[in-house]
Amino acid sequence: MPAPLFYFFSLLMLIFGALVVICRNPVASALSLVVSFVGLAALFISLDAYFIGTIQILVYAGAVMVLFLFIIMLLDIRAEAGRKPNMLAVVGGIALAVIFLVQLGSVLSKNEMGNKTVADVPINYQTAAQVQKLDTIKADLQNSTLPDAKLVGQTLFNRYPFQIQLIGCLLLVGTVGVVLLSKREVN
Amino acid sequence: MNPLNIELGLGVLGLLLLLAEPFLSSSRKVLAYVAIAGLLVALLTLITSGGSMSVPATMQEFYIADALALFYKGVAIISTLAVIIISLEYAPVLNKFVAGDNARGKEAGLGEFVSLPLFVCVGMMVMASAKDLITIFVSLELVTVSFYVLVSFMRRSAMSLEAGVKYLILGALSTGLLVYGMAWVYGLTGQMSLDGIQKALVNWKGDNTPLLFGAALVLAGLGFKVAAVPFQIWVPDVYQGAPTPITAFLSVGSKAAGFAVLTRVVETFTAKGSVIGDQVIQLLLILAGATILVGNLSAIAQTNFKRLLGYSSIAHAGYLLLALACVHQHSLAIAPRNIVAFYLATYLPMTFLCFLVLSAAKAQGVGEDLKSLKGLGHKSPLLGLALTIALASLAGLPLTAGFMGKMFVIFAATYESNYLCLALAIIGAATGFYYYFKVILTIYSTPEVETEKIRLSVLSKVMLGVFVAAIIVIGVYPDAIQHVLVAAVK
């Protein structure tokens with residue numbers, strides 16, 4: 001991705017990310033988050049992670065955020081009334097954020113990993129193809145295309161099937177909890 | 001046999017109980033009895049086939065069934081068992097705050113209240129065995145998300161809901177820190193499994209600041225789960241607001257599982273030759289010292305028994321962290337991971353005893369304030385005696401289990417020459433004697449108003465007897481637990 005595009009999408013993401021917090025109107029906040037997600041998806045795509053970029057738009061910007069909007073509109077949440085901010089909390093929060101930022105900056109400035117770009121480390125498709133067992137992935141790699149969706153699927157269901165089932169349990173618990181806490185009458 | 005069979009069995013049992021609930025025509029207590037029977041079978045299977053556990057080759061990358069894992073699996077099952085027995089005592093309170101006014105006398109929500117702990121148990125058992133970042137994260141989340149529901153279970157009680165919201169927000173924050181830290185560690189070392197991370201840490205070339213940053217974030221995330229200072233702020237309110245059986249579960253089960261993960265993670269970070277070993281130990285010592293101090297000193301002023309137990313739980317986390325930080329000592333025959341496991345084994349019966357009494361008292365109309373426990377010792381002498389033994393053990397009176405646990409920690413700190421932490425540990429123990437014995441004094445003092453006698457079900461009485469016996473047996477003959485920990489290694 002050319003540098004100007006990178007800065008454009010990064011700025012888009014950051015500005016709308018900040019707007020999520022700044023906006024008083026919850027619908028505006030949710031819509032800002034959608035735009036911020038689109039910027040993030042563009043950055044993923046610039047890193048050759050097309051699958052994650054697409055998923056980011058389909059799942060987060062599409063499904064999750066629309067659900068958020070639905071709930072906000074369903075519950076008819078109004079814009080938050082202007083409260084007087086607690087000065088101590090504001091100052092403390094800013095101080096903490098600054099400390100964390102300085103810490104992060106000092107860590108990142110010492111690390112050389114950021115000096116490499118994707119262009120510096122080209123994918124060696126032929127070597128990658130040799131270690132793959134699955135035929136479809138192998139064929140894709142030999143044709144020098146990145147089968148990222150297939151690779152993600154293969155890793156998830158061949159390497160981590162046990163963890164997937166645990167997540168299934170987790171979702172079940174979440175569903176039971178939502179029904180239980182929101183049902184009008186429990187008997 | 002494959003240790004996963006037990007986890008699978010308990011998960012399926014949880015599902016079946018959820019499915020059976022709508023079709024049940026008799027009392028829902030049947031579900032609780034089925035769950036208790038299932039957990040007993042699981043415990044028996046674990047004990048009888050403990051030595052012959054083997055993990056299938058495809059799972060060895062992220063799952064381990066060593067002595068420590070089996071021990072923590074046992075702790076998870078026993079905790080869940082105790083929680084369900086306590087829930088039976090607590091059922092009237094639960095019904096009152098789950099159902100509306102028109103559903104009095106029913107057993108609203110009891111079915112879910114029994115099956116959700118089984119899923120928590122599965123999560124804790126996987127946590128005990130997890131040895132890669134993904135498994136740790138997924139199992140930890142299974143436990144945490146189940147607790148979000150369980151803590152706010154009494155939906156008509158404002159305090160329970162408040163506790164739920166606080167736990168949800170701080171839990172989400174801690175998860176964020178943990179995942180962020182894991183991302184750093186993975187990004188730097190390129191390894192998901194703890195073994196691989198350990199190798200990478202030993203062979204690390206260059207600046208170690210980024211590694212430390214990741215490790216600190218992981219420790220902070222896990223610090224929330226085990227309630228280490230400064231990540232303990234959620235504890236008092238959540239402990240007070242949550243249904244009492246769940247408070248007990250948080251205090252023992254969740255903490256034990258957290259320490260199982262913390263033990264493996266800390267051992268990875270501080271392995272021999274690790275470039276960040278010394279700094280991580282320093283970090284742990286600071287956490288331990290602060291946790292002991294804050295937990296014990298804040299407990300002094302408490303007038304609510306549940307809150308007091310919350311601060312006590314923080315203080316005990318401090319001792320556990322201190323034991324974990326003593327990785328260098330070679331003079332003591334028992335390794336830090338075993339000291340932690342032993343301490344948790346002693347912590348389990350005494351904490352559950354306190355919460356059992358609290359639940360029974362609450363269900364029969366007695367409040368949770370220390371004041372309302374006045375005269376308990378005269379009205380129900382046996383219950384009073386059990387509570388006295390549990391509190392004495394929490395304080396660390398010799399000849400009780402709590403004494404042996406504290407003694408090992410203090411010995412380890414002495415061999416390690418951590419004199420500052422040692423001093424804090426001793427100050428903390430002395431403070432403990434004050435506030436735990438204050439409760440004992442209260443239960444034997446004369447009440448201003450006549451109170452009803454507190455009755456216990458047969459199951460609770462059995463649990464009471466077993467736990468009191470455990471406190472005394474471990475206190476007199478600590479080898480009993482150590483055999484479990486050491487023998488299984490051979």
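Because the structure is predicted, anything quoted here is derived from the model rather than measured. Side chains are part of it too, since the values below use all heavy atoms of this structure and drop only hydrogens, waters and symmetry mates. Proteins get letters first, then strands, A, B, ... in listed order; numbering begins at 1 in each.
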Please determine whether the number of non-hydrogen atoms from other residues, nucleotides or ligands lying under 6.0 Å from atom [atom1] of [X] exceeds 12.
{"X": "A/Y60", "atom1": "OH", "value": "no"}
{"X": "A/Y125", "atom1": "OH", "value": "yes"}
{"X": "A/F16", "atom1": "CZ", "value": "no"}
{"X": "A/L75", "atom1": "CG", "value": "yes"}

### Task
Spell out the residues in residues 117-128 of chain B that have some non-hydrogen atom less than 4.5 Å away from a non-hydrogen atom of chain A, in order of number; otherwise answer 'none'.
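Only B/F119, B/V122, B/V126 of residues 117-128 of chain B have a heavy atom under 4.5 Å from chain A.
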### Query
About how many Å separate CD of A/Q165 and CD of B/E7, when rounded to the nearest 0.5 Å?
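B/E7 atom CD to A/Q165 atom CD measures 12.0 Å (nearest 0.5 Å).
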### A/L166 CG to B/L140 CG distance, which is reported to the nearest 0.5 Å
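Answer for the CG-CG pair, A/L166 versus B/L140, is 11.5 Å.
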### Task
Go through B/T209, B/L150, B/I134 and name the one with the most non-hydrogen pairs under 4.5 angstrom from chain A.
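Most heavy-atom pairs within the cutoff with chain A belong to B/I134.
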Residue [X] versus chain A: region with a heavy atom under 4.5 Å:
{"X": "B/Y148", "result": "neither"}
{"X": "B/L15", "result": "side chain"}
{"X": "B/L116", "result": "side chain"}
{"X": "B/L161", "result": "neither"}
{"X": "B/F137", "result": "neither"}
{"X": "B/D132", "result": "side chain"}
{"X": "B/M154", "result": "neither"}
{"X": "B/L4", "result": "side chain"}

### Query
Quick one: which residues of residues 98-106 of chain A reach chain B at under 4.5 angstrom, heavy atoms only?
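A/F100, A/Q103, A/L104, listed by number.
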### Query
What is the ring orientation for A/F162 with B/Y63, classed by angle as parallel under 30°, tilted 30 to 60°, or perpendicular over 60°?
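Rings of A/F162 and B/Y63: perpendicular, as their planes differ by over 60°.
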### Query
Considering only heavy atoms, which portion of A/L108 lies under 4.5 Å from any heavy atom of chain B: side chain, backbone, both, or neither?
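Looking at A/L108, just its side chain touches chain B.
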### Task
Heavy atoms only: give me the nearest B/L142-A/V173 pair and the separation to one decimal.
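Looks like CD1-CG2, 4.4 Å.
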### Task
Compare every heavy atom of B/R155 with every heavy atom of A/L181, then report the nearest pair and how far apart it is.
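Shortest heavy-atom contact: O-NH1, 3.4 Å.
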Atom pairs and distances, donor-acceptor, side-chain atoms in residues 168-183 of chain B, under 3.5 Å, two or more places apart:
| from | atom 1 | to | atom 2 | distance (Å) |
| --- | --- | --- | --- | --- |
| B/S174 | OG | B/G171 | O | 2.9 |
| B/S174 | OG | B/K225 | NZ | 3.2 |
| B/T175 | OG1 | B/E141 | OE2 | 3.1 |
| B/T175 | OG1 | B/G171 | O | 2.8 |
| B/Y180 | OH | B/W184 | NE1 | 3.4 |

### Message
Once salt bridge (charged side-chain N to carboxylate O under 4.0 Å, His left out) is applied, do any residues pair with B/K131, and if so which ones, sequence neighbours excluded?
### Response
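For B/K131 the salt bridge (charged side-chain N to carboxylate O under 4.0 Å, His left out) partners, ignoring immediate neighbours, are B/D195.
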